[in-house]
A.B. asks: 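Could you have a look at this structure, given as structure tokens, before my questions?
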Amino acid sequence: MTSRQLRTSLGCLALSAVLLALMLAYDGKRFFQVLVLALPAGLCLCWPSRNARLRALQALFAGTMGLVFITDGVIRAFLLQVYGASPASALVITSLANTTLQEVSEFMAMYGANVWLSVFFVVISQSVLMASLFWWWRTPWPTLKIAGWRLVALLLLLALVLLSIAIKPWRQHHPMVFWPYWMAEVSSLREQWTDLGEQRSRLLANAKTQNPILTSEGPDTVVLLISESINRAHLSLYGYPRDTTPQLTQLQQTEAGRLGVFRHAWSVDASTIAALRNFFYLGQPESSQQHLLALASAAGYQTWWISNHYDLAIDQEHAQLAHSIHMLNKTPGRSGQSLDERTLPVLEAALQDKAPRKLIVLHLLGSHPHYQLRHPQDRMPFHNVKDQIYQGMKNQGRSTRVRGLRNDYDSSIHYHDTVVAATLDMTRRYAKKAAWVYFSDHGQEVGHAGEHVGHSSLTADGYRVPVLLWGDAIETLSSSTFSQPVRTDWLGYSVVRLLGIDWLGHEPQQDVLDLRYQWKPPSVGAVNDFRS
Ligand SMILES: [Zn+2]
């Protein structure tokens with residue numbers, strides 16, 4: 001191969017690597033926008049310079065830009081693979097701000113292969129790019145005579161580049177603008193969470209301005225069970241062919257008329273922190289003026305927060321508003337096996353407390369990844385099962401890994417069923433006049449739409465959740481109540497009603513238990529089918 005051929009091949013290879021990295025990370029209009037932002041690196045090499053030093057500077061500029069764009073593309077492609085989300089999404093920003101060092105090592109254990117593959121790609125592409133730039137520096141590409149149509153094309157390209165820099169929403173996609181801003185976002189979120197004491201006092205004061213009054217027909221106890229990563233499509237209670245929820249199905253029969261199952265329930269967030277904020281701030285997380293726990297306290301409820309999560313953000317923002325706080329899981333990260341049944345004795349004690357009005361929040365780990373840690377090791381009814389579901393997934397071309405994860409996930413749901421049913425049993429046993437509410441923060445993608453397994457902001461299963469209500473109040477509702485679609489960011493209004501609280505901020509159109517309820521499909525961008 002002559003040096004000229006070598007130079008051309010290396011140049012083409014480097015260009016392909018850059019394009020591939022960008023194509024993995026961006027599509028459609030965004031791909032075009034980022035390509036324009038990357039253009040100056042290519043254009044600077046067209047400049048016919050004879051000075052070796054100046055050429056070295058040009059090559060250095062192009063090399064640095066190449067590294068920036070390749071790394072950007074690879075990181076984005078990696079996040080898409082792992083989280084099904086872009087780095088700017090609340091899902092990724094909150095996960096990272098909430099991450100401890102321990103979680104980083106667990107993350108590496110789970111996604112190490114993807115990480116190393118990404119690093120390998122960056123190193124190889126960058127080496128090829130540097131080699132091609134070295135050859136360019138030694139023997140520059142033949143300089144094209146820039147005149148006529150070439151001059152026009154060059155001027156047009158330059159104008160496009162100037163435009164991309166001048167327009168702010170376009171410029172913000174430049175990796176050198178995007179990532180510093182992104183890092184500032186993550187660290188400011190972290191700071192916000194370290195002490196939210198002032199915010200809590202403000203929320204309690206705000207709640208008082210709403211004149212929350214207890215009505216005499218209100219219950220003595222409300223148990224609010226918030227689970228994690230439960231996709232209702234995996235509950236036999238909702239028609240899943242595998243018998244994953246025998247106890248809830250049984251309760252639906254024995255408690256007929258008192259246990260309501262919302263058939264079409266949706267979360268509007270695909271991650272825990274955002275979903276909990278949306279629920280507790282009654283669908284207004286941006287203004288965060290009213291908090292459900294603060295309202296209940298102001299109305300005279302004694303409140304409990306019993307959690308099997310280890311989570312700095314949730315502890316500071318929500319749990320600390322309760323009178324009695326039990327954070328049972330002391331292991332940061334999600335790889336510790338802290339089974340949800342450990343919350344049951346604490347719930348039992350709270351139910352026996354003498355306070356006249358009690359709101360008990362129970363925050364479970366549910367089926368959060370890793371699924372195989374969310375059930376006792378000797379209880380895996382779907383381990384290695386090769387039934388219709390398994391076969392169906394095989395026919396769809398799902399890999400063995402994904403099918404295995406589906407089995408693990410369903411086993412975790414089967415265990416979860418016993419915990420959920422136990423909380424309802426206990427509530428029935430101890431409280432005279434009670435209400436019980438159960439929902440999941442968000443759903444989970446387990447190989448429905450593709451090979452992705454985990455939290456998912458891009459598919460409907462990331463948002464598909466169960467919502468159940470139990471209590472005397474349910475008997476008085478019309479049966480059509482439960483065939484209406486519901487969203488968990490509005491559910492707080494119905495919970496305040498179940499608490500028997502009258503307050504100024506009630507929004508009847510968002511309270512599914514009110515006759516004036518009006519469903520509006522949420523706008524979550526990637527998903528637009530909120531019917532089933
Ligand atoms: Zn979650």
Side-chain angles (χ1 to χ4, degrees), residues 79 82-85 89-100 103 106-107 110 189 193 224-235 265-281 285 305-319 327-329 331-340 343 361-375 405 408-409 412-413 415-416 419-420 437-446 452-467 487-489 491-492 522 524 527:
L79 292 173
V82 170
Y83 290 103
S89 66
L91 173 66
V92 172
I93 290 185
T94 50
S95 305
L96 271 145
N98 208 16
T99 295
T100 58
E103 280 174 315
E106 289 164 20
F107 187 86
M110 194 168 176
L189 204 55
W193 285 338
L224 178 57
L225 185 58
I226 304 175
S227 194
E228 167 67 61
S229 303
I230 306 291
N231 178 344
R232 65 177 147 80
H234 288 252
L235 273 58
W266 297 96
S267 176
V268 303
D269 300 285
S271 60
T272 313
I273 289 169
L276 260 57
R277 295 193 87 230
N278 232 332
F279 170 76
F280 279 106
Y281 292 119
W305 187 284
I306 304 166
S307 171
N308 192 24
H309 280 249
Y310 179 99
D311 196 301
L312 170 71
I314 291 169
D315 175 49
Q316 285 293 318
E317 191 158 19
H318 308 292
M327 304 301 271
L328 305 176
N329 187 348
T331 325
R334 304 277 153 81
S335 72
Q337 188 178 39
S338 179
L339 292 172
D340 279 335
T343 59
V361 180
L362 213 63
H363 191 202
L364 303 180
L365 265 184
S367 292
H368 194 288
H370 318 301
Y371 311 139
Q372 70 273 27
L373 295 176
R374 303 292 160 247
H375 53 74
L405 286 171
D408 289 342
Y409 183 73
S412 77
I413 300 273
Y415 166 70
H416 182 60
V419 177
V420 176
V437 180
Y438 162 76
F439 70 97
S440 175
D441 59 348
H442 51 78
Q444 192 78 175
E445 180 59 72
V446 201
H452 180 62
V453 174
H455 291 40
S456 169
S457 58
L458 298 176
T459 61
D461 284 287
Y463 303 91
R464 194 169 268 133
V465 294
V467 173
R487 35 193 285 183
T488 55
D489 58 332
L491 193 61
V524 293
V527 182

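Both counts, for ligands and for their atoms, begin at 1 and track the order of listing.
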A.B. asks: Could you walk me through whether W266 and R464 pass the side chain to side chain contact (heavy atoms under 4.5 Å, CB included) check?
C.D. replies: CA-CA 5 Å; W266 297 96; R464 194 169 268 133; 3.5 Å; yes

A.B. asks: How about H416 and H375: are their ring centroids closer than 6.0 Å?
C.D. replies: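 Ring-ring flag for H416/H375: false, centres at least 6.0 Å apart.
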
A.B. asks: What do the steps show when you test H442 against S229 for side chain to side chain contact (heavy atoms under 4.5 Å, CB included), and what is the final call?
C.D. replies: CA-CA 5 Å; H442 51 78; S229 303; 3.2 Å; yes

A.B. asks: Check side chain to side chain donor-acceptor pair (under 3.5 Å) between E317 and all other residues, then give those that pass, not counting sequence neighbours.
C.D. replies: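 Expected list: R277, Y281.
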
A.B. asks: Could you name all protein N, O or S atoms found under 2.8 Å from the Zn ion (ligand 1)?
C.D. replies: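 Listed by chain and number, the nearby protein N, O or S atoms are E228 OE1, E228 OE2, T272 OG1, D441 OD2, H442 NE2.
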
A.B. asks: What pairs with Y415 under side chain to side chain donor-acceptor pair (under 3.5 Å), at least two apart in sequence or on another chain?
C.D. replies: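 With sequence neighbours excluded, Y415 shows a side chain to side chain donor-acceptor pair (under 3.5 Å) to E341, given in chain and number order.
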
A.B. asks: With sequence neighbours left out, write down each residue that passes side chain to side chain donor-acceptor pair (under 3.5 Å) with D315, or none if nothing qualifies.
C.D. replies: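 For D315, the residues satisfying side chain to side chain donor-acceptor pair (under 3.5 Å) (neighbours in sequence not counted) are Q320.
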
